[in-house]
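Lettering of chains follows the sequences in order, A, B, ..., and the numbering in each one begins at 1. What's counted below: heavy atoms across the whole structure, side chains too, no hydrogens, waters or symmetry copies.
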There are 2 protein chains.
Amino acid sequence: MTIYDIAEKCGVSIATVSRVLNGSSRVSAKTKEKILLVMKEQNYQPNPFARGLGLNSMKMIGVLCEDVSDSFYATAISLIESYLRLIDWNVILGCTGRGSGLKYKHLQFLMEKHVDAIIIIGTPFNHTKDLDYLKNVAKKRPVIMVNSYIKHNNIYGIICDEETGMSDIVGKLAEKGCKSVLYLYDSLTYSGRQKLTGYKKGIATHKLDENPLLQNKINRSLEDVEQTVKKLIEQNVYFDAVVTSEDLLAIGAQRAILQMGKNMPIVGCNNSLLAQCATPMITSLDNQLEILCREAVELLTKLMNDKEVPSKMIFPAKLYQRESFIYA
Amino acid sequence: MTIYDIAEKCGVSIATVSRVLNGSSRVSAKTKEKILLVMKEQNYQPNPFARGLGLNSMKMIGVLCEDVSDSFYATAISLIESYLRLIDWNVILGCTGRGSGLKYKHLQFLMEKHVDAIIIIGTPFNHTKDLDYLKNVAKKRPVIMVNSYIKHNNIYGIICDEETGMSDIVGKLAEKGCKSVLYLYDSLTYSGRQKLTGYKKGIATHKLDENPLLQNKINRSLEDVEQTVKKLIEQNVYFDAVVTSEDLLAIGAQRAILQMGKNMPIVGCNNSLLAQCATPMITSLDNQLEILCREAVELLTKLMNDKEVPSKMIFPAKLYQRESFIYA
DNA sequence: TTGTACGCGTTATCAT
DNA sequence: ATGATAACGCGTACAA
């Protein structure tokens, strides 16, 4: 079934069929009706490749993340897919992995499909190769970064102010009387750097213990966190609260602390389902993904309609207080 | 940059350029070299839509699931994407949501993009509208169902034998001396039915308590499970072990049980990260997603090469024993 | 209101 | 080994 077949069956030209197909301009009600009928009868579907060739678009957005199996990325992609779906856009998914210097390959892969835009979710572009390629991509297509940002023409950032969020947490801990806040993180993405900065600022502002031993970069695994925390306690490194860049780290830390017979406030980040699965439930800083993703898609549609958009939007984080925040 | 530009710059015809582009047939080493050089210089990339139009394929696979933000689906999609990526196929993602009678819309959406095949991850097609459309899809494109199956021409199933897995679990509990095993589940997908059947068979085989109050369908939420389990205990419904269709349910159940001052073996399903975040860590039945997904992609490539493939493949499940299995 | 004809960038089938 | 040219199916400017 092509547009020619439909045209023939209706005794009209393909132009007319194309017109009703695209709801454009004036077509007599009668012919329109007939064409619609035949299209339905024949179950006609325009060929997307031909259409793409003519319009230079197949209404597809490339969405890139490091790893969909991570709940943070998964949630974001779920949200973005559903929002895009509402306005008839498809998502082509790309998972880069956490390695450096290989992300550009995935961008390339998406660009080869002529996606109309690229949405990147919290993925670091530190390696020169990756970064250069990304900037080249931006010359051809808009790039929207969710919870990450790189200042460059045609790259837009929609981020959560986790820095303030984190620094506020430290403030609350200080109010509670905590003096030494342990910070555990696993990677320095844009978001990761924000949180670390927030932690440091919080510590400085509230004149808390600045012991460098209290800042630990570790792997994102329960075993590693537990081991690290236990070791710190065994080595008598004093701390009376824990903040982490990730719920999983907070969970591991909490487990280790309880096992060592201690107790103190613990705060994670990302407010994932994991946080609620731990006992006691983990207090967590929510980066408001739902808002970020909605705004990302909103911004995209504005861009497509040549409207003006801000290059950077910042939304506040929100703390979800749960049991782990209560000093026992 | 089109194939014409490249041809012109090289003083050859587009046919020759196309030949080197597709590595086909014989081209003199010299011209080939020159063409490759110019292509690199000009950063030439063939237009995917034009190519799609000619070949009637853009090497894209539609992948459908209910909800990527669910860790089971997320893991599956992550695996499938990476396997497909290795052989240069793109993933178009579709998330249907858990509603019935709307999934066909999403299939339609994918089919409109002329994907070469569809992979469906554990998504139920109970509603007639959905099912009929799915069967129609199968007339045009191969459909591969991961952890689900519908017997039909051109639909292939790659499933995990969770029925046996579940029934074996009940057996192990019986060996431990348990008499009344509570079963909690949240949905009757293909996989969900398998597990329920496995549970019933296990109960029957080992002559355990068949009290219908021990089979509870509930919402997938921590609050609901906790409430349900507490109510059962308060109503003096006796049970001495819990099995659930989902890790999350097991976690909620465990929490309620501990809070009520009891203790017993608890087993979840899907072996997600959640299971490890609970304390005690939840024993879980792993449906071997990695194997299923790898085989799904393998099967797909065979299909594309017109090789014979089985319509259904079944792999065994695997129990990961953790703390929650130890009767305290 | 409707039709004609061309362009979109490939691949593939013929010739040469 | 290479070139000319016909599909592929659609959108659209222009003509009627």
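As rounded to whole Å, 7 Å separates atom C1' of D/dC10 from atom OH of A/Y44. Here C/dT10 presents its P atom at 12 Å from CZ of B/F49, a figure rounded to the nearest Å. Atom CZ in A/R19 sits roughly 15 Å away from atom P in D/dC10 (whole-Å rounding). Atom-to-atom, CG of A/D5 to C1' of D/dG9 comes out at 10 Å; the value is rounded to the nearest Å. Rounding to whole angstrom units, CD1 of residue A/I6 and P of C/dG3 are separated by 15 Å. To the nearest angstrom, C1' of D/dA13 lies 15 Å from CG of A/N22. Rounded to whole angstrom, the span from the NZ atom of B/K34 across to the P atom of D/dA1 amounts to 19 Å. Look at NE2 on A/H114: it is 13 Å from P on C/dC8, rounded to the nearest Å.
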Would A/K59 and A/D88 count as a salt bridge (Lys or Arg N to Asp or Glu O under 4.0 Å) if you check the C-alpha gap in whole Å, the side-chain angles of each, and the deciding distance to 0.1 Å?
CA-CA 8 Å; A/K59 300 200 70 160; A/D88 275 350; 5.6 Å; no
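Not one side-chain nitrogen or oxygen of A/T2 sits closer than 4.0 Å to the OP1 or OP2 atom of D/dG9. Between B/Y4 and C/dG7 there is no side-chain polar atom (N or O) within less than 4.0 angstrom of OP1 or OP2. Using a 4.0 Å cut-off, some side-chain N or O of B/T31 falls inside it from OP1 or OP2 of D/dT2. Within the structure, a side-chain polar atom (N or O) of A/R51 is placed less than 4.0 Å from OP1 or OP2 of D/dG11. OP1 and OP2 of D/dA1 both lie 4.0 Å or more from every side-chain N or O belonging to B/S28. Within the 4.0 Å cut-off from OP1 or OP2 of D/dC8, not a single side-chain nitrogen or oxygen of A/N47 is found. Side-chain nitrogen and oxygen atoms of A/N56 include none within less than 4.0 Å of the OP1 or OP2 phosphate oxygen of C/dC8. For the OP1/OP2 pair of C/dG3 and a distance below 4.0 Å, the side-chain nitrogens and oxygens of A/T16 include at least one atom meeting the criterion.
Closest non-hydrogen pair, B/M304 versus B/W89, comes out as CE-CH2, 4.0 Å. Pairing each heavy atom of A/R141 with each of A/M111, the nearest pair is CG-CE, 3.6 Å.
Put simply, CG on A/L134 and NZ on A/K129 are 15.5 Å apart, with the number rounded to the nearest 0.5 Å.
Nucleic acid contact class of A/S18 (heavy atoms, under 4.0 Å, all strands): base.
Between A/I3 and B/I14, the residue whose closest nucleotide on DNA chain D is further toward the 5' end is B/I14.
For the side-chain contact (heavy atoms from CB on, under 4.5 Å) test with B/V146, the passing option among B/I77, B/V297, B/I159, B/I119 is B/I119; the others fail.
Each of D/dC10, C/dG9, C/dT2 was ranked by its minimum atom distance to the side chain of B/L53; first place goes to C/dG9.
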